[in-house]
Asker: 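Once you've had a glance at the structure underneath, I'll fire off some questions.
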Amino acid sequence: MGYQLDPSIIIKHLPLFLKGVFLTVEISFFAILIGLPIGILAAVGRTSRFKILNLVGAVYVEVFRNTPLLIQIFIIFFGLPGIGIKLSPYVSGLIALVLYVGAYNTEVIRAGLEAVPRGQIEAAKSLGLTGVQTFLYVIIPQTLRISLPALGNNWVALVKNSSLVSVIGMVELTWVALDLNALTFRSFELFGAATIFYLILIFILINIQAFVERRFAYKT
Amino acid sequence: MIEVGDIYKSFGKVKALNGVTTTIKKAEVVVIIGPSGSGKSTFLRCLNHLEKIDRGTLIIDGIPLTDSKTNIHKVREEIGMVFQQFNLFPHLSVLRNITLAQIKVRKRSSEEAERIARGLLEKVGIPEKADNYPFQLSGGQQQRVAIARALAMQPKIMLFDEPTSALDPEMIGEVLDVMKNLAKEGMTMVVVSHEMGFAKEVADRVILMDEGKIIEEGTPDRLFDHPREERTRAFLSKVLK
Amino acid sequence: MFDFDVIIKNLPYLLSGVKFTIALACLVIILGTFLGIILGLSKLSKNHLIRYPASFIVEITRDTPIIMQMFFIFFGLPALGIRLQTFPSAALAMSLFAAGNTAEIVRGAIDSLPTGQFDAAKSLGMNYFQMMIHVIIPQALRRMLPPAMNLFTTLIKDTSLAAIIGAFELTRAAQEIIERTFRSLEIYLVVAAIYFIICYPLSYYTRKVEKQRVTGF
């Protein structure tokens, strides 16, 4: 009894697959968007003179980088209801991804902050810019351009990690594959197709990253 | 000793060598000068097959380099090269830098290799640095170690690719002195350099290259004092101000 | 009310899961590193027949989520007659992922060396193997260490994904306990703490290695 390969199963459910891709892109996009200010905030905390901010930042980064994303997702989705906080799969997944990518962003942005030449701050001050203005208009733009390559890597990893939110029932690409698999058992075609979709997605993302890097990033 | 027969070399669209023909005799010291991009370094790197020529013939000591049966590693044992960036092995001590290839390639015993290494360090003037690491040495010292490393293989020909261009001015002299002694001892040398003084003092022949071709060649006195070609005159006037 | 009792009562069971977590991680690290070095060197080969397949394998294993690879191997391969159990499936998927990433680390480290090192070795008459063993790999090794250690930490955390296809390790043990006791918050927090205790020393040590730059290379 041979297994007959049946690619038509993909075509039949293509709309559902595309919906999954769209949702993967959507949740990744929002996680990247919100994760960036979180990373900047924590990085500022890590480089600040106030020991307490430094410590809070360090604890945040270490906890989220040394524990599995899956466990973080489980704590938010399954654990929080224990103390009365019930969140939807989408929101739980988003919060987990944001906190996870934020922690990785923090270290990258911190390195970027430290790489901006001291002279920049002195020049800004001598021109009369306030601390906040210096930070927003002189430091951050340069920090981001320096950190761009490493940040890009974090974002590619994020898209791959977004597949984990499928286990709490959020509808995205992996969930679609799992759902259809439970229905049709055509595992080879389904997971093969999902893999190819991810490959294409990541491939596009890597190329965008390379393009943006060429145009905007610079090394100190 | 080296017969170069109408060689061509391109990197993509860039024609680095556009038909170069010359012969280098045993014990001859040839200095190659010319503007940047003229193909001088490419020419040198073709001589020990670090670059493969596209067309033409290249015969070193009777062995054709382009023949697929030629064992290029054996040929390279007989040709020593000194680089602009020194290229010493940073993870090895000075002594080990000089003995490594002797032991692994020339198959000498470690005692013999060390003896030769220490002798050469003496010759280039820094015997006390044998156990130091490259990062602990000045540029001039590193380049002298590089020369010792190449000489340790006892090559028949020595190639120098702008050996002093990466050195601070006060260290150029010590390296040129080593090279001058080498020339006096009768080593066959092909040197790409901007050091005109060195060329005048030691070269048997000076070659001017531009745009991948040999424009003019002759004894240093003849070339520097009575250049025949317009481009030679133009280059010399810019360099010998 | 936070139930400490359930933690204490079930800690032994959780720790029995930790054994499998560590075993899986070690297996994957060893297999993945070995395969990854071969793939990485293949990617640098001038021979197209070696380079293209290696690049292909590296891209597929690096650019897709690990659980997708686990699902494909566990659920999909039976279609071709290859039926692997949960632990071997997870191990295989993670080893491939580890190999792909190790290959990139190896390739990146060797590529970052100045070409002058290759030139010098060649001009002294060394052949490919002599050059790699005595000059290139010793220098590349130093540059491979920090990213490799980061990869190891990631792999330890990713063993938790094996629970999704049912393999028994720490996360799966936690899930079983929760099915019985319903105390998700307490159990998952303890599990997080256990992973933290395993991973943090490794991260800390990695950072020290990163900061320590031996002059010269």
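Every chain is numbered from 1, with letters handed out A, B, ... down the list of sequences.
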Asker: Can you check whether C/E59 reaches A/F203 side chain to side chain, under 4.5 Å on heavy atoms?
Answerer: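 Sidechains of A/F203 and C/E59: no contact.
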Asker: Under 4.5 Å heavy-atom distance to chain A, tell me which part of C/I197 shows up: side chain, backbone, both or neither.
Answerer: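 Neither part, no heavy atoms under 4.5 Å.
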Asker: Relative to each other, are the rings of C/F75 and A/F191 parallel, tilted or perpendicular (30° and 60° limits)?
Answerer: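 Rings of C/F75 and A/F191: parallel, under 30°.
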Asker: Nearest 0.5 Å, please: how far is CZ in C/F71 from OG in A/S163?
Answerer: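 Nearest 0.5 Å value for the OG-CZ distance: 8.0 Å.
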Asker: Between A/I196 and chain C, which part of the residue has a heavy atom less than 4.5 Å away: side chain, backbone, both or neither?
Answerer: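 For A/I196, neither part sits under 4.5 Å from chain C.
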Asker: Keeping the roles fixed (side chain from C/K157, backbone from A/R65), state whether a donor-acceptor pair exists under 3.5 Å.
Answerer: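 Yes, C/K157 side chain to A/R65 backbone: donor-acceptor pair under 3.5 Å.
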Asker: Please report the interatomic distance CD1(A/I75) to CD(C/E186), rounded to the nearest 0.5 Å.
Answerer: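 So the gap between those two atoms works out to 11.0 Å.
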Asker: Measure C/L189 against the heavy atoms of chain A and call it side chain, backbone, both or neither at under 4.5 Å.
Answerer: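 Both backbone and side chain.
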Asker: Would you find more than 12 non-hydrogen atoms of other residues, nucleotides or ligands less than 6.0 Å from A/I52 atom CD1?
Answerer: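 Result for CD1/A/I52: open.
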Asker: Please classify the contact between C/Q69 and chain A as side chain, backbone, both or neither, with a heavy-atom cut-off of under 4.5 Å.
Answerer: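 C/Q69 has no heavy atom closer than 4.5 Å to chain A.
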Asker: What distance do A/I71 atom CD1 and C/Y188 atom OH have between them, rounded to the nearest 0.5 Å?
Answerer: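 The CD1 atom of A/I71 sits 6.5 Å away from the OH atom of C/Y188.
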Asker: Against chain C, label A/L178 side chain, backbone, both or neither, depending on which of its atoms sit under 4.5 Å from a heavy atom there.
Answerer: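 Interface part for A/L178: side chain.
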Asker: Any idea which of A/N161, A/V156, A/L164, A/L80 has the most non-hydrogen atom pairs under 4.5 angstrom with chain C?
Answerer: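 Most pairs with chain C among the choices: A/L164.
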Asker: How many angstroms lie between OG1 in C/T154 and CG in A/N66, if you round to the nearest 0.5 Å?
Answerer: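 One gets 9.5 Å once the value is rounded to the nearest 0.5 Å.
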Asker: Checking heavy atoms, do the side chain of A/S162, its backbone, both or neither come under 4.5 Å from chain C?
Answerer: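 For A/S162, there is no contact with chain C at all, as no heavy atom is under 4.5 Å.
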Asker: Which atoms of C/T153 come close to chain A, meaning under 4.5 Å heavy atom to heavy atom: side chain ones, backbone ones, both, or neither?
Answerer: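 When you check distances to chain A, only side chain atoms of C/T153 fall under 4.5 Å.
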